[in-house]
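In each ligand, atom 1 is the first atom listed, and ligand 1 is the first ligand listed. Along the sequence shown, the residues carry numbers beginning at 1. Computed from a predicted structure; not experimentally measured.
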Amino acid sequence: MSESHIACPTCGKQVPLSQDERTKSFPFCSDRCRTVDLGGWSDEKFVIKGKELNVEQEED
Ligand SMILES: [Zn+2]
């Protein structure tokens, strides 16, 4: 099942790969997610993600 879908780069929602099912916003699940991505990733999100990874490795 996962082979026929991919995760929306913005929210992780399952997006159908089938050309019949894929939206105009592909590979995003919706135009909203596409806009979010085009508008520039939230720096905060990236920082938070990086922090989480770094926290495990060092910090202190
Ligand atoms: Zn999405």
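Taking every heavy atom of both residues into account, Phe28 and Cys8 meet most closely at CA-SG, 4.0 Å. Closest of all the heavy-atom pairs between Gly12 and Ala7 is O-CB, 3.8 Å.
Of all protein atoms, those that are N, O or S and lie under 2.8 Å from the Zn ion (ligand 1) total 4.
In this structure, the side chains of Ile6 and Phe26 come closer than 4.5 Å at one or more pairs of heavy atoms.
Every pair passing side-chain hydrogen bond (donor to acceptor under 3.5 Å, both in side chains) that includes a residue from residues 21-34 is listed here, sequence neighbours excluded: Asp31-Arg34.
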